[in-house]
Engineer: 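Okay, here's the structure, questions in a sec.
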Amino acid sequence: MRIIVLDDEELALESMMDAVRKCVPDADIKGFGYAEDVLEYLEDNTCDCAFLDVEMSGMNGVDLARLLKEKDSHINIIFSTGYTEYRGEAFDMHASGYILKPITPEK
């Protein structure tokens, strides 16, 4: 399984990657600090699941999720955020999950 993790805050990115790694130890997990880097990576690679921070400078996680779904409608998108107001928008695009920070393996 290939998993992408995106968060523009380094500590949050590391924490999320650790939580995902504990839940899916055999997965190929790639971490990114910018949405544009995810898009560049996916030009030559694929992923099964993307954990996306919502509030970021530049392109936010919701906009990136739309682009990822256009490229592959079967990708699982899981939003990770400290904000509850994006839930409706996330589920309108059929996100697989919406996790409030801090991210833990239990969540």
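What you see is a predicted model, and the numbers here were worked out from it, not measured in a lab. This chain uses plain numbering: 1 for the first residue, then up along the sequence.
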Engineer: So Leu42 and Val38, do their side chains get closer than 4.5 Å, heavy atoms only?
Structural biologist: yes

Engineer: Quick one: ring-ring contact (aromatic ring centres under 6.0 Å, His included) partners of Tyr34, sequence neighbours excluded?
Structural biologist: none

Engineer: Is there a side-chain contact between Lys30 and Val5, using heavy atoms and a 4.5 Å cut-off?
Structural biologist: no

Engineer: Evaluate the side-chain proximity of Phe51 to Ile99: yes if any heavy-atom separation is below 4.5 Å, no if none is.
Structural biologist: yes

Engineer: Do Val62 and Leu6 share a hydrophobic cluster (ILVMFWY, side-chain heavy atoms under 4.5 Å, transitive)?
Structural biologist: yes

Engineer: More than 12 heavy atoms of other residues, nucleotides or ligands under 6.0 Å from NZ of Lys107: is that the case?
Structural biologist: yes

Engineer: Should Glu89 and Arg66 count as an ion pair when the cut-off is N to O under 4.0 Å?
Structural biologist: yes

Engineer: State, with a plain yes or no, whether a side-chain heavy atom of Phe32 is found less than 4.5 Å away from one of Asp7.
Structural biologist: no

Engineer: Indicate the atoms forming the closest heavy-atom contact of Glu85 with Tyr98, along with that distance.
Structural biologist: N-OH, 4.3 Å

Engineer: Measure the shortest side-chain to side-chain distance between Cys49 and Ile78 over non-hydrogen atoms and say whether it is less than 4.5 angstrom.
Structural biologist: yes

Engineer: So, are Asp26 and Arg21 salt-bridged, with charged N and O less than 4.0 Å apart?
Structural biologist: no

Engineer: Short question: side chain of Asn45, backbone of Tyr41 - any donor-acceptor pair under 3.5 Å?
Structural biologist: yes

Engineer: Can you name the closest pair of heavy atoms from Phe79 and Gly61 and give their distance?
Structural biologist: CE2-O, 3.5 Å

Engineer: Give a yes or no on whether Leu52 and Ile3 share a hydrophobic cluster (residues Ile, Leu, Val, Met, Phe, Trp, Tyr; joining criterion: side-chain heavy atoms under 4.5 Å apart).
Structural biologist: no

Engineer: Output the distance between atom CD1 (Ile77) and atom CD1 (Ile4), rounded to the nearest 0.5 Å.
Structural biologist: 8.5 Å

Engineer: Do other residues, nucleotides or ligands put more than 12 heavy atoms under 6.0 Å from the CD atom of Glu40?
Structural biologist: no

Engineer: About how many Å separate CD of Glu55 and CD of Glu9, when rounded to the nearest 0.5 Å?
Structural biologist: 10.5 Å

Engineer: So which atom in Val24 and which in Met1 form the shortest heavy-atom distance, rounded to 0.1 Å?
Structural biologist: CG1-SD, 4.3 Å

Engineer: Between Leu39 and Lys71, is there a side-chain heavy-atom distance shorter than 4.5 Å?
Structural biologist: no

Engineer: If you compare all heavy atoms of Lys101 against all heavy atoms of Ala12, which two are closest, and at what distance to 0.1 Å?
Structural biologist: NZ-CB, 4.1 Å

Engineer: Which value, rounded to the nearest 0.5 Å, describes the distance between Asp18 atom CG and Cys23 atom SG?
Structural biologist: 11.0 Å

Engineer: Search all heavy atoms of Ser15 against all heavy atoms of Ile103 and return the closest pair with its distance.
Structural biologist: OG-O, 3.8 Å

Engineer: Indicate yes or no: at least one non-hydrogen side-chain atom of Leu67 is less than 4.5 angstrom from one of Met59.
Structural biologist: yes

Engineer: Met16, Met56: one ILVMFWY side-chain cluster at the under-4.5 Å cut-off?
Structural biologist: no

Engineer: Do you reckon Val20 sits in the same ILVMFWY cluster as Leu100, going by side-chain contacts under 4.5 Å, direct or chained?
Structural biologist: no

Engineer: Indicate the atoms forming the closest heavy-atom contact of Ala19 with Pro105, along with that distance.
Structural biologist: CB-N, 3.8 Å

Engineer: Are Thr46 and Asp72 side-chain neighbours, meaning at least one heavy-atom pair lies under 4.5 Å?
Structural biologist: no

